[in-house]
Amino acid sequence: MSSARDLLAAALLLIATVLGALWIPAAWLDRTVIEQEGFLAVTEPLADDPAFQRTLTDSAVAQILGDERVPDWITERVTPLAEEQAARITGTEVYGSVWDVTMRELHGALFSPGASDLDVDLGPAIDAILSGLEDHLPLGITVARPEDATVTLATIPDVPLLAKAASLSPWAHRLGPAALLLLLVALTVAAHRRTMLTLAGVGGILAGGAVWLLATRIEDLVPDSIDQAAFVGPIVQVFQERFTAEVMPQGVIMLGVGALVMAVGLVLIGLRRSA
């Protein structure tokens, strides 16, 4: 009878270990990637990155001067002026609004099934560029506003893992409490509780080690099609760095707690034998 209770307890501890290992990465993914506000909080500082700024402003200038209604000779004369005006809008509220819309579109595209284009309306940026441009144009030269201000900034690869993670996100923050509950039930039903406490510590070490390993190797798990994608790749790399910085310490803490619990279990076993 006691062996059956210990077997059940061991099975519960195994499930608790798996849930504990999944808990921290899943909760981070839900809070930082799946939740749109968390995603926007991470990407907001990237608006000040010169490379991303050039992507948006260059696209806006190309949309203005690529209009077939603009003759080539005007394009040649206006290009430097347009680029100068584009650089000036990067610190304005207009640019911030365009960046916010772009990141919201990107977030939605990441969870769309199959590959999808990141289409962004650059109308506000184009209007701001042209408004500043008109004051500097030579007499007699005008530049028509594009009929369509929507630009495809990048193609987002298919990320089926994110779609699956989004469907499971309601459970992400419950994994930790569920693991703790299973641990308590396992210690309650076990016939040899000191041994199970030691095994629980081993489970904590394994779970913490798995979290630590995932945090250190996250770059190896992200497909190259995403990591190296134009415009999207650098953003993904920022999330990878943040994942490592935030999840690794939690894995170390979990590992340390597991080692402490295991040590307590071993001490209790030793005291019982000496008694």
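Quick caveat, the model's predicted, so the values are computed rather than measured.
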For T216 and T244: C-alpha separation, side-chain torsions, deciding distance, then whether side chain to side chain contact (heavy atoms under 4.5 Å, CB included) applies. CA-CA 6 Å; T216 58; T244 299; 5.5 Å; no
Side-chain heavy atoms nearer than 4.5 Å, only ILVMFWY residues, links allowed to pass through others: does that put L206 and W212 together? no
Take V238 and L46 through the side chain to side chain contact (heavy atoms under 4.5 Å, CB included) test and state the conclusion after the steps. CA-CA 9 Å; V238 169; L46 299 180; 3.9 Å; yes
Any side-chain heavy-atom pair from L56 and D58 closer than 4.5 angstrom? no
For A179 and G20 the tightest heavy-atom approach is CB-N, 3.9 Å
Minimum heavy-atom separation for A21 to A210, with atom names? CB-CB, 4.2 Å
Checking side chain to side chain donor-acceptor pair (under 3.5 Å) for the pair D227/Q240: CA distance, chi angles, key distance, verdict? CA-CA 10 Å; D227 203 26; Q240 292 174 5; 3.3 Å; yes
What about V202 and L19, same hydrophobic cluster or not, with Ile/Leu/Val/Met/Phe/Trp/Tyr joined at side-chain heavy-atom distances under 4.5 Å? no
What is the minimum heavy-atom distance between P234 and A229, and which atoms define it? CD-O, 4.0 Å
Quick check against the 3.5 Å criterion: does D30 have a side-chain atom that pairs as donor or acceptor with the backbone of E35? no
Quick one: CG on L81 to CD1 on I129, what's the gap to the nearest 0.5 Å? 12.0 Å
Hey, is the main chain of A87 close enough, under 3.5 Å, to the side chain of T90 for a donor-acceptor pair? yes
Would you check if the side chain of T188 reaches a backbone N or O of L184 as a donor-acceptor pair within less than 3.5 Å? yes
For residues 247-266, please give each side-chain donor-acceptor pair under 3.5 Å, one per line with the distance, not counting sequence neighbours.
residue	atom	partner	partner atom	Å
Q250	NE2	E246	O	2.9

Between D117 and T155: side-chain donor-acceptor atoms closer than 3.5 Å: yes
Heavy-atom donor-acceptor pair, S112 side chain to G108 backbone, under 3.5 Å: yes
Compare all side-chain heavy atoms of R31 with those of H173 and state whether any distance is below 4.5 angstrom. yes
How long is the span from the CG atom in L8 to the CG atom in L13, to the nearest 0.5 Å? 9.5 Å
Looking only at heavy atoms, what is the nearest atom pair of A16 and L183, with distance? CB-N, 4.4 Å
Please report the shortest heavy-atom distance between S59 and L122, naming the atom on each side. CB-CD1, 3.7 Å
Should I205 and L182 be counted in the same cluster of Ile, Leu, Val, Met, Phe, Trp and Tyr side chains packed under 4.5 Å apart? no
In Å and rounded to the nearest 0.5 Å, what is the CG to CG distance from D119 to D121? 10.5 Å
Can you label the angle between the F39 ring and the F239 ring as parallel, tilted or perpendicular, going by 30° and 60°? parallel
Any donor-acceptor pair under 3.5 Å linking the side chain of Y95 with the backbone of A47? yes
Does the plane of the ring in F111 sit parallel, tilted or perpendicular to the ring in H107? Use 30° and 60° as the thresholds. tilted
After noting the C-alpha distance and the side-chain angles of F231 and T102, does the key distance pass the side chain to side chain contact (heavy atoms under 4.5 Å, CB included) rule? CA-CA 11 Å; F231 188 77; T102 301; 4.1 Å; yes
Within the side chain of Q63, is there an N or O that forms a donor-acceptor pair under 3.5 Å with the backbone of D148? yes
To the closest 0.5 Å, what do you measure between CG (L29) and CG (L162)? 6.5 Å
Okay, side chain of R194, backbone of I269: is any donor-acceptor separation there less than 3.5 Å? no
For the CG atom of L175 and the CG atom of L22, what is their distance to the nearest 0.5 Å? 6.0 Å
Quick one: are V120 and V151 in side-chain contact, heavy atoms under 4.5 Å? no
Evaluate V101 against R104 for side chain to side chain contact (heavy atoms under 4.5 Å, CB included), listing each step before the verdict. CA-CA 5 Å; V101 171; R104 291 179 186 275; 5.7 Å; no
Quick one: closest heavy-atom pair of D6 and M196, and the distance? O-CE, 3.3 Å
Count the heavy atoms of every other residue, nucleotide or ligand shown that sit under 6.0 Å from CH2 of W99, and state whether that count exceeds 12. yes
Measuring from atom CG of L106 to atom CG of L153, what distance do you get when rounded to the nearest 0.5 angstrom? 9.5 Å
Cluster overlap V42 with I226, hydrophobic side-chain contacts below 4.5 Å: yes
If Ile, Leu, Val, Met, Phe, Trp and Tyr residues are connected whenever their side-chain heavy atoms lie under 4.5 Å apart, and connections chain through other members, are L181 and V18 in the same group? yes
Taking the side chain as C-beta and beyond, is there a heavy-atom pair between V211 and W23 under 4.5 Å? no
Assess whether atom CD of E44 is packed by more than 12 heavy atoms of other residues, nucleotides or ligands within 6.0 Å. no
